[in-house]
K.L.:
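Below you will find the structure I want to go over with you.
Scope of the values below: all heavy atoms of this structure, side chains included, with no hydrogens, waters or symmetry mates. Everything quoted here is computed from the prediction, not taken from an experiment. Reminder, nothing fancy here: chain letters follow the sequence lines and each chain counts from 1.
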There are 2 protein chains.
Amino acid sequence: MRRKVLDVAEAAFQARGYHASSLGDLMAAAGVSGGALHHHFPTKKALALAVIEERVAAAVDETWIAPVRRAASAREGVRQVFEAVAAELEQQGFVRGCPLNNLAHELSLADPEFRIALAGIFSAWRQAIADKISADQQEGREQATDPQHFAVFAVAAYSGAMSMAKTAQDAGPLRDCLAALERCASQATSPQREPGTRRRRRVLPRFGTS
Amino acid sequence: MRRKVLDVAEAAFQARGYHASSLGDLMAAAGVSGGALHHHFPTKKALALAVIEERVAAAVDETWIAPVRRAASAREGVRQVFEAVAAELEQQGFVRGCPLNNLAHELSLADPEFRIALAGIFSAWRQAIADKISADQQEGREQATDPQHFAVFAVAAYSGAMSMAKTAQDAGPLRDCLAALERCASQATSPQREPGTRRRRRVLPRFGTS
DNA sequence: TGTCAAACAGGACGATCACCCTGTTTTGGA
DNA sequence: TCCAAAACAGGGTGATCGTCCTGTTTGACA
């Protein structure tokens with residue numbers, strides 16, 4: 001029951017936002033009575049906090065952190081995620097946006113607790129990429145790039161591209177940013193590689209923003 | 001009166017968002033009666049649309065488009081805007097976020113008219129940067145960078161950095177992204193020629209697709 | 001000055017909101 | 001089997017929402 005409420009709330013907050021999703025809508029969509037909802041989540045804020053901490057964090061973990069960790073390098077991991085997300089968006093023909101950024105924009109100024117929770121997810125996201133860059137450097141796969149700078153940059157490019165993609169309802173910005181990022185990468189890493197050779201490598205669509 | 005309502009609404013939508021700003025709040029803050037508000041803006045949606053088209057578009061124009069146009073080059077213009085915004089945020093010690101991105105996240109899926117209006121502003125923003133890159137190329141200040149790719153990239157990096165800055169309440173992400181962008185720039189503008197991997201030309205919504 | 005439409009005032013409306021309260025059912029350990 | 005606690009049902013509550021309606025004031029022009 002709690003699980004079903006979280007499912008519905010996660011989807012509704014992503015699709016319509018926090019303030020535009022009424023508890024009545026959620027109760028109806030989840031087939032849950034008011035008493036049940038109030039039992040598990042005393043307030044709407046508590047529900048949103050649970051969605052952020054349990055679902056949004058997990059989504060970022062699944063979509064970004066895990067793929068980057070298991071990638072051959074940080075840059076390759078970032079590339080794969082961009083590619084996978086763009087492919088999925090093109091396949092489903094609809095852009096719902098990044099769950100973290102959607103809620104971050106609406107809630108980070110609304111309540112300090114929201115802001116802290118959301119900032120923590122951003123931080124973990126960045127740290128995973130920065131750690132991967134550091135590992136790459138120790139193994140000689142990467143030059144003297146500042147890990148934090150690169151991580152912030154990758155997250156920002158993705159977030160901003162997704163923001164545009166959502167507004168335009170077109171995955172193009174993600175592909176454009178990926179292309180621009182690869183141009184950067186090809187020059188910042190080992191110079192003996194021409195940047196036109198690898199394109200459109202298939203990536204398993206494990207990710208799920210729906 | 002209409003002007004004062006727009007002032008208050010612009011500030012409230014930016015600070016608390018559209019759904020979290022009630023017309024009662026706006027009326028009280030603007031010192032306007034319900035009848036007056038309804039006279040100028042029949043619905044709340046009409047008010048938001050006016051804020052988007054008259055204020056948000058103007059803010060993007062003033063903050064980004066005009067400075068880029070009058071800069072020595074596109075890359076220099078982007079650098080200046082990042083620098084100026086970061087400095088301003090650090091001075092006032094509070095990050096309200098990007099007006100366009102704030103509303104885009106909350107409203108672009110809520111109503112098609114909102115989405116079209118917001119997408120138009122994004123498009124004009126990108127176009128101004130792309131045009132500047134093209135002008136740079138014609139005058140030999142820029143290599144064969146794809147203008148659209150660079151424009152999307154710059155806007156995405158800014159939007160994403162601002163998103164993180166807002167959530168963290170710290171201008172650091174903007175500075176990090178600026179540093180990373182300059183690293184890219186110094187290598188992309190260096191006199192080395194690369195076979196441009198032209199991609200498909202994408203169709204993005206221009207102004208008013210009504 | 002007289003006229004009329006635009007501008008504005010202010011309350012009332014129904015709908016909806018998040019939340020709470022009182023019961024009933026289910027569950028797990030003694 | 002018993003019992004207490006958790007889980008759940010479902011209606012009710014005051015507050016607040018966006019919108020609308022009826023008057024009154026203002027201002028431009030004849």
K.L.:
Atom pairs under 3.5 Å, N or O on each side, protein against nucleotides 15-19 of chain D: can you list them with distances?
P.N.:
from   : atom 1 : to      : atom 2 : distance (Å)
D:dC17 : OP1    : B:Ser22 : OG     : 3.2
D:dG18 : OP1    : B:Lys44 : NZ     : 2.7
D:dG18 : OP2    : B:Leu23 : N      : 2.8
D:dT19 : OP2    : B:Lys44 : N      : 2.7

K.L.:
If you look only at pairs with a residue in residues 66-92 of chain A, which of them pass as a ring pair (Phe, Tyr, Trp, His ring centres under 6.0 Å), with sequence neighbours excluded?
P.N.:
A:Phe82-A:Tyr158
K.L.:
Which pairs, with at least one residue in residues 46-60 of chain B and sequence neighbours excluded, count as a side-chain hydrogen bond (donor to acceptor under 3.5 Å, both in side chains)?
P.N.:
B:Arg2-B:Glu54, B:Asp7-B:Arg55, B:Glu10-B:Arg55
K.L.:
I want to check a possible cation-pi pair here: B:Lys44 against B:Tyr18, using under 6.0 Å from ring centre and within 45° of the ring axis as the test.
P.N.:
yes
K.L.:
Determine whether A:Leu26 and A:Val5 satisfy the following criterion, side chain to side chain contact (heavy atoms under 4.5 Å, CB included), listing intermediate values before the conclusion.
P.N.:
CA-CA 7 Å; A:Leu26 302 183; A:Val5 171; 5.9 Å; no
K.L.:
If only atom types and distance count, is the side chain of A:Glu106 paired as donor or acceptor with the main-chain N or O of B:Gly17 below 3.5 Å?
P.N.:
no
K.L.:
Return the set of residues passing ring pair (Phe, Tyr, Trp, His ring centres under 6.0 Å) with A:Phe41 (not counting sequence neighbours), or none when no residue passes.
P.N.:
none
K.L.:
Are B:Arg175 and B:Glu90 close enough that some pair of their side-chain heavy atoms sits under 4.5 Å apart?
P.N.:
yes
K.L.:
Any ring pair (Phe, Tyr, Trp, His ring centres under 6.0 Å) involving residues 90-110 of chain B? Give me the pairs, sequence neighbours left out, ordered by first then second residue.
P.N.:
A:His105-B:His105
K.L.:
Taking 5' to 3' order, which nucleotide of DNA chain C is first and which is last to have an atom within less than 4.0 Å of a heavy atom in chain A?
P.N.:
C:dC17 to C:dC20
K.L.:
Can you check the B:Leu37 CG to D:dC20 C1' distance for me, whole Å?
P.N.:
13 Å
